[in-house]
Amino acid sequence: MSKKDLGLLILILVVGVVVAAINPRFLLPINLANTSNLIGLFGILSIGQAFVIITGGIELSVGSLVALFGVLFIDLIATRGMAWPVALPLIIVLGGVVGLVHGWLIAKLKLQPFVVTLCGLLIYRGVARFYTKDGTAGFAFGQNFPSLEFLTAGRFHGVPNSFIALIVIAAVMWIVLHRSVFGRYLYAIGKNEEAAKYSGIHTDRIVIAAYVICGVLTALSAIYFAMYTRSISPASHGQFYELYAIAAAVLGGFSLRGGEGSLVGAVLGTVLLQELQNLVNLLGIPSSLNFAVMGGVILLGVMIDQQWSAFRAQRLVAEAARQSQ
Amino acid sequence: MSKKDLGLLILILVVGVVVAAINPRFLLPINLANTSNLIGLFGILSIGQAFVIITGGIELSVGSLVALFGVLFIDLIATRGMAWPVALPLIIVLGGVVGLVHGWLIAKLKLQPFVVTLCGLLIYRGVARFYTKDGTAGFAFGQNFPSLEFLTAGRFHGVPNSFIALIVIAAVMWIVLHRSVFGRYLYAIGKNEEAAKYSGIHTDRIVIAAYVICGVLTALSAIYFAMYTRSISPASHGQFYELYAIAAAVLGGFSLRGGEGSLVGAVLGTVLLQELQNLVNLLGIPSSLNFAVMGGVILLGVMIDQQWSAFRAQRLVAEAARQSQ
Amino acid sequence: MLKASDPSGLTARPHFLALDGIRKTYPGVIALADFSMRVAPGEVIGLVGENGAGKSTLMKILGGITAPDQGAITVDGVPHDRLTVGSSMRAGIAFVHQELNLFDNLDVAANVFLGREPLRGGPLRLVDRAALRAACEPYLKQVGANFSADAPVASLSLAQQQMVEIAKALSMQARLVILDEPTSSLPVAETDRLLSVIAALKAQGISVIFISHRLHEIERAADRVLAMRDGALVGALDRDEIGHDAMVKLMIGRALKAREALAPAREPGAVALSARGVSTPAYPGCRVDLDLCKGEILGLAGLVGSGRTELARVLFGIDRRLGGSVALDGKPLALSAANDAVANGIFLVPEDRKATGILLDLPIAQNISLPDLPRHARRYLVSPRSEAETAEAQKKNLAIKAPSVATLTGTLSGGNQQKVVLAKWLAMKPKVMILDEPTRGIDIGAKAEIYALMRGLADAGVAVLMISSDMEEVIGVSDRIAVMHEGSISGYLDRDDFSQENVLLLAIGKPAGKESAGAAVPVA
Amino acid sequence: TMASAQDKPTLAFVVNGASDFWKAAEAGVKKAQGELPDFNMELKYPEQASVAIQQRLMDDLVTAGVKAIMVSAVDPKTSTEGLNKIASETALFTTDSDAPQTNRVAYIGSSNVDAGKQAAEIAKKAMPDGGKCMGFVGLLGADNAKERIQGMKDGLAGSKIELVDVRGDDIDQTRAKANVEDALVANPDITCMVGFYSYNTPRIYEALRDSGKLGSITVVGFDDDPITLGGVKEGNIAGTVVQQPFEWAYQGMKLMAAYVKGDKSGIPESKLIIVPTKIIGKDDVDAYAANLKAMAGN
Ligand SMILES: Nc1ncnc2c1ncn2[C@@H]1O[C@H](COP(=O)(O)OP(=O)(O)OP(=O)(O)O)[C@@H](O)[C@H]1O
Ligand SMILES: Nc1ncnc2c1ncn2[C@@H]1O[C@H](COP(=O)(O)OP(=O)(O)OP(=O)(O)O)[C@@H](O)[C@H]1O
Ligand SMILES: [Mg+2]
Ligand SMILES: [Mg+2]
């Protein structure tokens, strides 16, 4: 675990202790389970986003995709009667295809990631809304899918399965990002794509793969979100989720310039954000301030991190100066 | 006017001709005036955004600022009875101060622009909502400010004054960006900040100045927006306007990597976006598709532009090869 | 120009690489015109030519980075229309680029083996980190690196980074190694090591194409020299014909005047820039005292990482000094940012021109006017005419090879880019000129011009500080030499004491011997 | 306040999103609080009008130990499961839009379909010769919008008035106003406009005023934005249909307080407490405004 991740972890613990001191109900198992469920949902999104950010890209269409895939999934299994073990992989594949298209536009046609995915943000939301004619997609009363519900919204010994899914995904993705050749290429491309190309790396394929991973994880998390809310109004569902995902990754040390960041950081970033949301509700802070608290803490965190590194560098230099005298 | 701007202009005209052919009412003076009013409002935002983008930065808090400044302005003049000639410059100065803070955090503390302004997006929206306790800021019935209303929402010989304001601002800013020393520095910093610093440029000050300009123009446009809607629910007012502004700048040829773009392009980009919104209403396209149409056209525009430049570059090279034989 | 012995090697001889009729044009420039060459196994080809002659373009074609308009490439008997980066590597070609291409977020070993990592974990394709490290060490040893395989590249100096690049090329087990100006920022000892590495490659039957503007290196390493001018082969020299003057004649089409004898040591003027107890972030514990006089060229020599660049950055205000004071003409300077220095007439030509020297995406004229824009402006509005005039004058003055001053600087050859960096400062009124490796990548003709320019500046009363790792240059150009060792100045040499040995002794922290003055000492 | 929050039973009123509409409910909560000091009453806005965020807000409230929640669910039809989860942990009431399939204790509110019908009444009265109406709304897909539109269509059935189209604006007021302007251009034969959300009517009023069409186009409104009431008084808005969120909140809070104390007598057999919507025309507007003011002063 890097110094940066450790700092974040400490911040999370400190905030947790303070909140628990003010309102001990924070530590109730039910609250921890609720929060870790949301951590699971948003964490999967953040990991997907992290893979794109590491290449120096960005994926802004995440929120709209959560709406579109959610609508499609619920429509398929609730209205069209498709069996969920068919619908689920279908949606995941669709996520991969969307990622493929984004990656292709970015890597092959050399369009800017911000532009491609901004258009995605607009288009997918429009499509989702058009698909339901601005109505809501949801389950009819009494429509139940016990095994699917257990897998997505259920708990295992009190631990939400979505959280377990996050842990598994994070572990796998940690190996991919930090131990595999693919991961190493991602870092290289993020730092200097041109030079990576000169090293004989198929940069296009790697970049496309990053977007595919993001698409797949987004689709997966869209299904989790759908099964959590069980109802999706496509006009608002998932709005700003891309910002949550990006904020989590950035809090976790990812640089939007690419080539920097650790997977543990992205997960911890999500934990902090969800802890903050929980805190606002638990401490009775006006919900209008929810956003402000989140923004304030991110800014503070990033500033402290920045100042802390600067301070450490200075101290190191001063140390060296003292020793050599 | 650059080739790129010309291409955009042609696209705007082609879309206009098609729409006019389907629904001739598109060309009614009243419709043109309505649309140009909105072009004025959004155009001012886009110009501000362009100054930040040219440095390789981004300003995501624009939408939230439009809400916050709008709420403050209306509250000051409608509820607190401040004279508008006092309130207006006050808000503009506030815009400058916000820009100063952002610029300072980015240039001096070396925080990432995306992060700083993302936090701004969250914080300002929260503050705006807290300020009105999630209520709406608006004028009482019959509360009128004739001269302010004429300046902001009025028309001069049928031309909306907001559009005239945009033209004046665009002209001044064109000179600043394309002819002045400051503008040249902006491009240099956008292309390579390090090298600009090594040329003895006060890069920090220039970057801060870009954010101040953006803040001031955002505040100005927030006042225009406030006087247009005359009522502001801070939870939703201005949401996504930063995306409109960024999209307009990008359509107009600005690169988010910095150092590229023309002011005329940013204005034309705004024109195209507003034309598209107008088209959706005039052609009776379901409102749910509004976003999708916008996204689709931006993507198409950027793709054509990209392919076209690639094609031209190829032809130039082939030309050179042929000639030299 | 072809001689009976056919030094250009075009007649049948077993060869590894054959190029025939290679042609490459850019808008307004013919970079390569019907270029043909052969490279035999185990042969070291020295490729020389003025800046912009097309050397790098040719190598980029071999490396698969650019495609030729025309021509045939045959590698090991296999013909290719064009090479891609992948096919070039697979064909056994390794490439050290003129511009560095390292990843500073990865460590040294990861950089050396990027794209060729030893794997474990089967289909998981995990990086075998231990094997990677182990595989890297021998190559680092071979290039004489003083850093370890897991050092982050971000912590290395430019010269050290160049060593990583060379280690990378060596590790590829290639059959042809292309070295495009690998020594441009390497000091003497490391350069020597590189030359012996080249000899070792040759002994293993590996071919080498070696590009350098330091002709004595070519002299020592090459079996055959090919000279290029304006994209064409203008001549070739066999091993026994290789000599400094012969190469120069081929390159520039005429003999260069014999290196002018040093002007008699002049009385230096008053002290212009004086540093007292200055310590830099790289060596926070060391204090540097330095006096730089008007009208002198003070050469600053030292080994890799001795802190010269750091000192220059501090004197130019890019880095904050940790202690001490700097005064110009007796007046103390704050130097909190580069603009302080520029405003006071202290200019820096940095060593890394791609990152800090110029803006590659700007036209030449805008690069030249950038530090002095207000002078080219009326009421804050830039006058493109005044700008173009100045740029034209500088283009002529420095013989910058470019279609026009509106050309994008990034499309110029390395040497011409360097001239643009110089031009922007020469267009202003320097009081103190700091040049960090000013002739890095500059051809021999242009070098002479730059030396003349420096001398001209000095004669005009400018104080010139020249940081250089090129021993010949330091000794040949300076009025006085200061040598740095691990962050402090280990000694000064006056004209009478100039010798390679003395510089080297000081550079490794030993006192210079007065007696050996003038003696030609073989480099260690 | 944290301490008292733990001593006294807490009752929460959770709305579906930030809007002025709920300001009256806030006043109702306040009035109830004044009368019942043994309780801790709060009104909660989710930071966004989304099911997930509202669900989370309620989960957190339950965690924090509230004794009863009255919720205006963002999407009651499909939130059965989530609402039932809350209902299993605390006493759940619904307001504004009902969720009859859930285990909620009772619903207090009005009927959006009926409100739509009342809007049709206004239109029919103002345009006896018939006409063409254009509607404007924030979220076309939202239940309350759909029900109001449906109610109005039902109410207009058989008359010569037709609701031609309804344009959505995603609660962006700039677009709300631009939509009205565009409608005036695109459909010159429109004779009436309906603002289905509280802010739509003032935007219609202003766009008409700007283009000089005030008075020549019949405006039908919903809710009681000050501009709407002003327009009604002026005669340029034919009438507006108002709900009574103040009553929902006030009665609802008292009902919940009683319920928590064990008194279930206030819950009717049908579990529905309907506070009817009212039509406010030119003649009633002054009285209504005075009443509003009186409530806010509470
Ligand atoms: N991408 C490009 N676009 C346009 N012109 C180019 C481009 N690359 C190279 N050139 C031109 O091609 C010519 C040959 O350049 P090249 O870099 O091969 O020279 P070189 O021999 O390596 O010079 P140096 O010794 O200075 O490195 C130069 O005139 C240069 O300006
Ligand atoms: N960015 C950096 N981070 C950490 N250490 C650095 C950095 N840049 C340089 N150094 C270290 O600082 C020392 C001085 O480097 P500097 O570049 O000033 O040396 P120099 O004398 O100019 O040598 P060179 O011939 O390499 O340019 C070296 O030990 C180098 O490794
Ligand atoms: Mg070259
Ligand atoms: Mg150096």
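Both backbone and side-chain heavy atoms feed into the values below; hydrogens, waters and symmetry mates do not. Everything numeric here is computed off the predicted structure, so don't read it as measured data. Chain letters run A, B, ... following the sequence lines, proteins first, then strands; residues in each count from 1.
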**Q** Using the side-chain contact (heavy atoms from CB on, under 4.5 Å) rule, take R175(D) and N290(B) through it: C-alpha gap first, then chi angles, then the decisive distance, then the call.
**A** CA-CA 11 Å; R175(D) 254 183 78 203; N290(B) 186 320; 3.0 Å; yes
**Q** Quick check on the interface: out of G17(D), A183(D), G231(D), S211(D), who has the most heavy-atom pairs with chain B under 4.5 Å?
**A**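 Ranked by contacts with chain B, first place is G231(D).
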**Q** Hey, mind stepping through V185(D) and F26(B) against side-chain contact (heavy atoms from CB on, under 4.5 Å) and telling me if it holds?
**A** CA-CA 8 Å; V185(D) 172; F26(B) 176 70; over 6 Å; no
**Q** Answer with side chain, backbone, both or neither: which region of I227(D) has an atom nearer than 4.5 Å to a non-hydrogen atom of chain B?
**A**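 It is both, since atoms from each part get that close.
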**Q** So how far is it from T229(B) OG1 to Q173(D) CD, rounded to the nearest 0.5 Å?
**A**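 Those atoms lie 5.5 Å apart.
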**Q** Can you measure from OH (Y244(B)) to CG (D172(D)) and round to the nearest 0.5 angstrom?
**A**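 Answer rounded to 0.5 Å: 6.0 Å.
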**Q** Identify which part of L282(B) has an atom lying under 4.5 Å from any heavy atom of chain D, answering side chain, backbone, both or neither.
**A**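 Both backbone and side chain.
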**Q** Have N179(D) and N281(B) got a donor and an acceptor in their side chains that come within less than 3.5 Å?
**A**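 Judged by distance alone, the side chains do pair up.
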**Q** Taking the side chain as C-beta and beyond, is there a heavy-atom pair between K23(D) and K133(B) under 4.5 Å?
**A**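 Sidechains of K133(B) and K23(D): in contact.
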**Q** Considering only heavy atoms, which portion of R125(B) lies under 4.5 Å from any heavy atom of chain D: side chain, backbone, both, or neither?
**A**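 For R125(B), no heavy atom lies under 4.5 Å from chain D.
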**Q** Is chain D contacted by the side chain of Y228(B), its backbone, both, or neither, given a heavy-atom distance below 4.5 Å?
**A**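 For Y228(B), heavy atoms of backbone and side chain both lie under 4.5 Å from chain D.
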**Q** State, to 0.1 Å, how close A186(D) and R25(B) come at their nearest heavy-atom pair, and which atoms those are.
**A**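 Shortest heavy-atom contact: O-CD, 3.8 Å.
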**Q** Can you list the steps and then say if V280(B) with R167(D) is a side-chain contact (heavy atoms from CB on, under 4.5 Å)?
**A** CA-CA 10 Å; V280(B) 169; R167(D) 307 298 298 176; 4.0 Å; yes
**Q** Counting heavy atoms not belonging to F141(B), are there more than 12 under 6.0 Å from its CZ?
**A**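 Atom CZ in F141(B) is crowded, with more than 12 foreign heavy atoms closer than 6.0 Å.
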**Q** Quick check for you: among S288(B), A153(B), S231(B), G238(B), which has the greatest number of heavy-atom pairs under 4.5 Å with chain D?
**A**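 Result: the option with the highest number of such pairs is S231(B).
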**Q** Would you indicate whether F156(B), at its atom CZ, is surrounded by more than 12 heavy atoms from other residues, nucleotides or ligands within a distance under 6.0 Å?
**A**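 Not more than 12 within 6.0 Å, no.
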**Q** What are the residues of residues 195-206 of chain D, in order of number, with any heavy atom under 4.5 angstrom from a heavy atom of chain B?
**A**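 Under the 4.5 Å heavy-atom cut-off, R203(D), Y205(D), E206(D) qualify.
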**Q** Can you check whether L184(D) reaches I30(B) side chain to side chain, under 4.5 Å on heavy atoms?
**A**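 A side-chain contact is absent here, since even the closest heavy-atom pair is not under 4.5 Å.
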**Q** Given that the side chain runs from C-beta out, which part of K177(D) has a heavy atom under 4.5 Å from chain B: side chain, backbone, both or neither?
**A**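 Both backbone and side chain of K177(D) come within 4.5 Å of chain B.
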**Q** What's the spacing between Q239(B) CD and T174(D) OG1 if we round to 0.5 Å?
**A**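 Result: 12.0 Å between the selected atoms.
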**Q** Checking heavy atoms, do the side chain of T132(B), its backbone, both or neither come under 4.5 Å from chain D?
**A**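 Backbone only.
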**Q** Can you name the residues that form a ring-ring contact (aromatic ring centres under 6.0 Å, His included) with F139(B), not counting sequence neighbours?
**A**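 By the ring-ring contact (aromatic ring centres under 6.0 Å, His included) rule, F139(B) matches F145(B).
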**Q** Are there over 12 heavy-atom neighbours, none belonging to K44(D), within less than 6.0 Å of that residue's NZ?
**A**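 Correct, the count exceeds 12.
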**Q** Less than 4.5 Å to any heavy atom of chain D: does that hold for the side chain of L32(B), its backbone, both, or neither?
**A**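 Neither; nothing under 4.5 Å.
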